[in-house]
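Read through the structure below, which is laid out as structure tokens, and then see the notes.
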Protein chains: 2
Amino acid sequence: MYASDKKAVVDALRMAGVSPTSQRVEIAYHLYNRQEHLSADQILEGVNGDYPAVSRGTVYNALNLLVEKGLVRELIAAPGKVFYDPNTHPHHHIFYVDQGVLMDLPAEMVQVKNIPVPEGCEIEQIDVVVRVRG
Amino acid sequence: MYASDKKAVVDALRMAGVSPTSQRVEIAYHLYNRQEHLSADQILEGVNGDYPAVSRGTVYNALNLLVEKGLVRELIAAPGKVFYDPNTHPHHHIFYVDQGVLMDLPAEMVQVKNIPVPEGCEIEQIDVVVRVRG
DNA sequence: CTTGTCACTTAGACAGGTTCTAAATTTAGC
DNA sequence: GCTAAATTTAGAACCTGTCTAAGTGACAAG
């Protein structure tokens with residue numbers, strides 16, 4: 001998702017057929033504005049900074065909806081470590097194991113070729129995660 | 001890990017500096033002998049087929065130890081879906097989302113190039129998971 | 001303005017998978 | 001055979017994430 005301000009977030013949600021409720025806008029805006037990959041819990045904390053504004057359930061619902069509508073990408077970096085990435089363009093990831101931080105790798109930096117697609121199957125996503133230590 | 005019989009498993013464990021307790025041997029042997037990717041739970045069930053022989057905690061401890069010692073590879077296919085792979089040679093994976101099944105892709109079938117390694121970091125593993133639907 | 005409907009949010013209960021803990025057991029070194 | 005250290009066990013605890021039932025709010029029709 002690309003959205004520089006809350007109005008743009010509202011438009012992006014509407015365009016994807018998602019009612020832009022205040023909670024969803026807060027969540028999407030927060031995810032966009034931090035140029036990191038955030039976990040559901042980090043988003044919950046971030047959105048509820050001053051005072052509780054959004055419930056846990058809504059954060060999960062909203063994130064799942066955004067993933068389903070293709071506005072956000074879900075990334076699994078390690079067992080129990082799910083991150084959400086507002087960048088849906090093709091690109092890959094590097095995971096700093098010791099710090100638990102996940103960063104982007106531009107698509108050009110990694111070449112993936114010759115993916116075999118079985119009959120009748122459709123590639124949903126190709127995840128390339130480079131796990132580095134140190 | 002490559003081990004055709006229990007004696008070979010014992011040797012492999014010893015070589016990696018892991019005391020070959022009977023439970024660990026059972027677990028490693030079971031994982032090797034099924035040419036699938038198994039979850040911790042499937043391994044627990046499999047090892048305890050006839051009568052309870054190994055506790056849940058031990059299965060998790062043993063698997064984590066084997067991963068740490070490089071005898072087994074840990075694969076994350078989806079949130080909450082962790083599989084263990086006795087094949088530690090370079091290769092990739094294809095995940096059939098609808099069936100929840102993870103299969104090998106020979107390394108030659110996917111070319112990954114130009115991985116940038118940050119200063120002072122060491123690549124631990126490169127995970128390529130092709131997620132297909134249908 | 002009032003009502004009814006519908007989608008959404010909420011809090012808390014629940015579920016699955018993994019780790020932790022304390023006690024019991026086994027292993028290894030003398 | 002002892003003793004100490006490592007390992008296993010059962011079960012409690014924990015963490016993410018989902019479900020449920022009730023409550024809230026927006027909106028259209030009367």
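Throughout, protein chains are lettered first and strands after them, A, B, ... in sequence-line order, and every chain is numbered starting at 1. Everything numeric here is computed off the predicted structure, so don't read it as measured data.
- Contact annotation for B:Arg56: base contact, defined as any heavy-atom pair under 4.0 Å involving a base atom.
- Rounded to an integer number of Å, the gap from CD of B:Glu45 to P of C:dG16 is 13 Å.
- As a whole-Å value, the separation of B:Arg24 CZ from D:dT8 P is 5 Å.
- Relative to the side chain of A:Asp41, the nucleotides D:dT9, D:dT7, D:dT16 differ in distance, and D:dT16 lies closest.
- There is no side-chain donor-acceptor pair under 3.5 Å between A:Asp127 and A:His92.
- Side-chain atoms of B:Thr58 lie closest to D:dT9 of the nucleotides C:dT18, C:dT9, D:dT9.
- Of the charged side-chain nitrogens involved, none lies within less than 4.0 Å of a carboxylate oxygen, so that B:Arg133 and A:Glu122 do not count as a salt-bridged pair.
- A donor-acceptor contact shorter than 3.5 Å is absent between the side chain of B:Glu45 and the backbone of B:Gln42.
- Put simply, CD on B:Glu26 is 15 Å from C1' on D:dT8, counting in whole angstrom units.
- Applying the 4.0 Å criterion to OP1 and OP2 of D:dT18, one finds that A:Asn64 has a side-chain N or O inside that range.
- Following rounding to the nearest Å, A:Glu74 (CD) and D:dT16 (C1') show an atom-to-atom distance of 12 Å.
- Taking the nucleotide of DNA chain C with the nearest heavy atom to each of B:Pro20 and A:Asn61, the more 5' of the two is matched to A:Asn61.
- No engagement by B:Ala62 is indicated, since no non-hydrogen atom pair under 4.0 Å with the nucleic acid exists.
- Distances shorter than 4.0 Å separate none of the side-chain N or O atoms of B:Ser19 from OP1 or OP2 on C:dA28.
- At least one side-chain heavy atom of B:His93 sits under 4.5 Å from a side-chain heavy atom of B:Asp104.
- Atom pair B:Ile76:CD1 and C:dG17:P shows a separation of 15 Å (rounding to whole Å applied).
- Spacing between atom CG of B:Leu38 and atom P of C:dG17 amounts to 14 Å, rounded to whole angstrom units.
- Residue-level contact check: B:Ser39 touches neither bases nor backbone, having no heavy atom under 4.0 Å from any strand.
- Spacing between atom NZ of A:Lys81 and atom C1' of D:dC15 amounts to 11 Å, rounded to whole angstrom units.
- Comparing D:dT18, D:dT8, C:dT10 by their nearest atom to the side chain of A:Tyr60 picks out D:dT18.
- Using the six-membered ring where Trp is involved, B:Phe95 and B:Phe83 have ring planes that are tilted, between 30° and 60° apart.
- When the side-chain nitrogen and oxygen atoms of A:Gln23 are compared with OP1 and OP2 of C:dT10, one or more of them lie within a distance under 4.0 Å.
- Residues B:Pro79 and B:Thr21 both approach DNA chain D. Their nearest nucleotides, taken by heavy-atom distance, put B:Thr21 toward the 5′ side.
- To the nearest angstrom, P of C:dT9 lies 13 Å from CG of A:Asn48.
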